[in-house]
2 protein chains.
Amino acid sequence: MNATIIDVANAAGVSFKTVSRVLNGEAGVRDKTREKVQLAAKELNFTLNTAARNLRRRGSNLIALIISNPSRSYIDNIQIGAMDWCSRNGFHLVVEDFRAQPSGFDDLIRGGEMAGVILIPPMSDDPEIITKLTGQNIPFVRIAPETANDSAPSVRIDDQAAAKEMTQKLIELGHKRIGLITGPNEFGVSRNRMAGYRLALDDAAIKYDSALVREGAFSYETGQSCAARLLSMPNPPTAIFASNDDMAAGAIAESYKRGIAVPSELTIVGYDDVAVASVISPPLTTVRQPLKDMAARAAELLLERIRNQESAPKHDVLPHRLILRASHGPRA
Amino acid sequence: MNATIIDVANAAGVSFKTVSRVLNGEAGVRDKTREKVQLAAKELNFTLNTAARNLRRRGSNLIALIISNPSRSYIDNIQIGAMDWCSRNGFHLVVEDFRAQPSGFDDLIRGGEMAGVILIPPMSDDPEIITKLTGQNIPFVRIAPETANDSAPSVRIDDQAAAKEMTQKLIELGHKRIGLITGPNEFGVSRNRMAGYRLALDDAAIKYDSALVREGAFSYETGQSCAARLLSMPNPPTAIFASNDDMAAGAIAESYKRGIAVPSELTIVGYDDVAVASVISPPLTTVRQPLKDMAARAAELLLERIRNQESAPKHDVLPHRLILRASHGPRA
DNA sequence: TTGTAGGCGTTATCAT
DNA sequence: ATGATAACGCCTACAA
């Protein structure tokens with residue numbers, strides 16, 4: 001049986017309240033007493049019971065990150081950013097796959113076990129999830145939602161602007177037929193990036209051609225298959241803009257398979273700037289998203305809401321940046 | 001304020017004990033009563049308070065996965081396997097980076113918040129961690145420890161045999177100078193794989209040459225730098241065996257940079273069979289480790305220990321397999 | 001500076 | 001089949 005504060009109190013010859021004070025670093029305890037208590041606690045190998053503390057405090061030191069996104073490298077960065085923040089702020093991170101078991105998520109957000117929840121796409125835009133969270137009265141934050149709203153704070157980059165800039169860059173290079181491999185339409189970011197692509201086209205008076213747009217699933221394989229469709233066209237694009245780096249990597253592989261050289265014969269650019277971008281050949285020109293920072297900032301905004309549920313939700317837009325590496329070139 | 005079972009009891013006109021019975025699916029409640037209670041619970045949007053339950057039951061539905069391993073793809077697979085198991089078994093997974101904050105881990109395993117802990121290399125072999133876990137009397141399981149022992153159950157593949165087989169394969173192909181890029185020496189698996197490599201060499205009467213062995217850090221970059229050292233030798237190896245796929249990928253990149261074709265001029269093989277292995281060019285010949293299964297099995301063995309701390313720890317060895325893809329060839 | 005009474009919401013024990 | 005009472009370990013509020 002583990003020791004309780006009462007055991008420590010008896011061992012130290014003080015009341016349990018004094019022990020509690022010492023353990024929580026409260027003021028108003030004589031140094032001598034404090035030492036006695038600390039010694040007794042150590043000798044009994046005592047640790048505060050978290051369940052009892054949480055029950056009494058109506059609190060928790062757990063933050064949940066809900067995933068399901070098919071792109072592991074995206075999740076990895078988000079998770080690392082969130083974990084780092086948690087360990088610097090006395091929290092711990094629970095990672096839950098939303099798709100795994102429908103009941104898993106419900107169970108997780110039940111009973112006040114989680115202090116708060118971090119949502120990434122596509123969950124950030126899922127009305128059912130948001131309704132459940134709101135129903136349980138549990139604070140949450142949305143990463144890269146389609147649009148910011150009052151339901152919760154949010155952190156994102158300006159996907160529309162970023163996609164527009166990249167498309168403009170491609171247009172500057174002389175490309176007029178620019179293939180777009182989007183993410184699934186259920187992702188708000190997909191729609192935003194698509195909008196940016198169209199804006200750039202409009203600005204350059206290039207007619208939008210839906211045949212040049214393919215919907216992938218943010219995976220290497222769908223990058224391959226979408227590129228295959230695009231490159232099989234009678235009049236194929238001279239550049240392909242993939243909505244994430246994994247799909248761009250797949251597109252590059254497909255090009256090689258067809259004997260099409262990148263970037264001399266075909267330009268391929270990505271989005272995210274995750275590890276694969278600098279590791280494949282040629283290194284990817286891409287849009288850098290500060291995913292770790294976004295996650296850390298999201299946790300920060302979440303904490304504000306945990307501390308004060310009435311505080312107005314903040315909405316942060318972090319800076320993006322075009323990373324020009326070697327996978328792009330002028331129109332062949 | 002959230003509703004409690006007492007509120008539900010009042011609403012349903014029964015005692016709170018009856019509510020508790022219904023919520024826990026216990027027998028001995030009339031159907032009619034059960035329905036009344038369930039209705040009342042739903043109307044009050046009631047959920048059981050986890051902290052109170054955990055306090056009373058002296059339990060928890062949380063399992064911790066302790067990471068720090070530099071290879072994300074390895075962790076990804078382990079994490080996915082563990083998460084899936086958790087969601088199928090009513091648990092949730094807390095992921096904690098051991099390096100982030102020294103206090104983070106200590107805090108996590110304190111106070112009975114975690115039902116159990118899963119350790120991966122190099123934590124599986126870390127005596128300080130094991131001592132702490134034992135001191136807190138918290139069940140844990142070790143994935144890929146250097147050697148199985150009574151401290152905890154474990155799951156692994158036979159790394160020594162696997163490395164030996166791969167090395168033998170290389171020898172069969174005519175290679176006599178086989179470079180080895182190991183993982184850090186603090187990883188038990190590194191030592192085991194190294195042992196398998198030497199065994200194969202001995203069997204084939206090939207003299208061990210320490211100049212052919214480089215210690216990497218399981219990262220793409222160290223794969224590159226170790227390969228660079230190896231390929232700069234006056235008498236470079238004709239084959240390189242990297243202790244994980246990330247390093248093998250780095251080695252391939254380095255070879256290309258030097259104008260050395262793989263596999264026609266140089267054979268490079270990896271270990272793990274994670275995503276990168278089938279995505280790079282050429283696809284990697286590697287050792288397949290069933291990482292997801294290992295994690296799921298580890299969770300299973302952990303659960304046995306959680307249920308019965310006195311049960312003898314089991315030690316599972318899961319099957320590995322050589323995956324022959326395109327990165328290997330006969331000696332040039 | 002230290003201590004006492006009470007309750008957080010649930011489950012266990014024992015009764016009815 | 002249902003209920004009353006106690007207890008889990010801690011913290012809050014209020015004394016002393």
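Side chains included, hydrogens not; waters and symmetry mates left out as well; all remaining heavy atoms used. In what follows, every chain begins at residue 1, and chains take the letters A, B, ... in the order their sequences are listed.
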Only counting residues at least two apart or in another chain, list the ones meeting salt bridge (Lys or Arg N to Asp or Glu O under 4.0 Å) with A:Lys17.
-> none
Would you say C:dG3 has OP1 or OP2 under 4.0 Å from some side-chain N or O of A:Ser15?
-> yes
Polar side chain donor-acceptor pair, A:Arg53 to A:Asn61, under 3.5 angstrom = no
Compare side-chain N and O positions of A:Arg56 against OP1 and OP2 of D:dC8 and report whether any pair is under 4.0 Å apart.
-> no
Heavy atoms under 4.0 Å, any strand shown: does A:Asn54 hit a base, just sugar-phosphate, or nothing?
-> nothing
Answer yes or no: is there a side-chain heavy-atom contact under 4.5 Å between B:Phe105 and A:Ser87?
-> no
Please give, in whole Å, the distance from C:dG9 C1' to B:Asn2 CG?
-> 11 Å
Check: A:Phe218 ring centre within less than 6.0 Å of A:Phe187 ring centre | yes
So what does B:Thr47 touch, heavy atoms closer than 4.0 Å: a base, only the sugar-phosphate, or nothing?
-> sugar-phosphate
The nucleotide from D:dC11, C:dG9, C:dA12 with an atom nearest the side chain of A:Leu48 is D:dC11
B:Leu23 CG to C:dT11 P, in whole Å, measures 7 Å
Hey, is the side chain of A:Thr33 poking within less than 4.0 Å of OP1 or OP2 on C:dT1, counting only N and O atoms?
-> no
Salt bridge check: are B:Lys292 and B:Asp84 linked by an N-O gap of less than 4.0 Å?
-> no
Expressed in angstrom and rounded to an integer, what is the separation of B:Asp7 atom CG from C:dC8 atom P?
-> 11 Å
Base C:dA12 paired with B:Lys17 side chain (donor-acceptor, <3.5 Å) = yes
Between A:Arg21 and A:Ile6, whichever has its closest DNA chain D nucleotide further toward 5' is A:Ile6
Report yes if at least one side-chain N or O of B:Ser20 is closer than 4.0 Å to OP1 or OP2 of C:dT11; otherwise report no.
-> yes
May I ask you to evaluate whether A:Asn49 reaches the phosphate of D:dC8, defined as a side-chain N or O under 4.0 Å from OP1 or OP2?
-> no
Are B:Thr18 and D:dA1 close enough that a side-chain N or O sits under 4.0 Å from OP1 or OP2?
-> no
Taking D:dC8, C:dT11, C:dG9 as options, the one with an atom nearest any side-chain atom of B:Thr4 is C:dG9
Where does DNA chain C pair, written as one dot-bracket string 5' to 3', with Watson-Crick or G-U pairs under 3.5 Å, ( ) inside the strand, [ ] for crossing pairs and | for another strand?
-> ||||||||||||||||
Counting side-chain heavy atoms from C-beta on, which of C:dT10, D:dC11, D:dT12 comes nearest to A:Arg53?
-> D:dC11
B:Arg58 CZ - C:dA12 P separation (whole Å) = 11 Å
In whole angstrom, give the distance that lies between atom NZ of A:Lys36 and atom C1' of C:dT1.
-> 12 Å
Between B:Arg30 and B:Leu55, which is nearer to the 5' end of DNA chain D once each is assigned its nearest nucleotide?
-> B:Arg30
Does any donor atom in the side chain of A:His315 or A:Asn149 lie under 3.5 Å from an acceptor atom in the other side chain?
-> no
Among B:Asp125, B:Asp126, B:Ile143, B:Ile129, the one residue meeting side-chain contact (heavy atoms from CB on, under 4.5 Å) with B:Leu119 | B:Ile129
Hey, does the side chain of B:Arg34 come within less than 4.0 Å of D:dA1's phosphate (OP1/OP2), counting only N and O?
-> no
Could you state the CZ-C1' distance from B:Phe16 to D:dT2, rounded to the nearest angstrom?
-> 12 Å
Nucleotide D:dG9, atom C1' - distance to CG of A:Leu44 in whole Å | 15 Å
Is there side-chain contact between A:Leu93 and A:Trp85, with heavy atoms separated by less than 4.5 Å?
-> no
Nearest-angstrom distance from the residue atom CD of B:Glu26 to C1' of C:dT13 = 12 Å
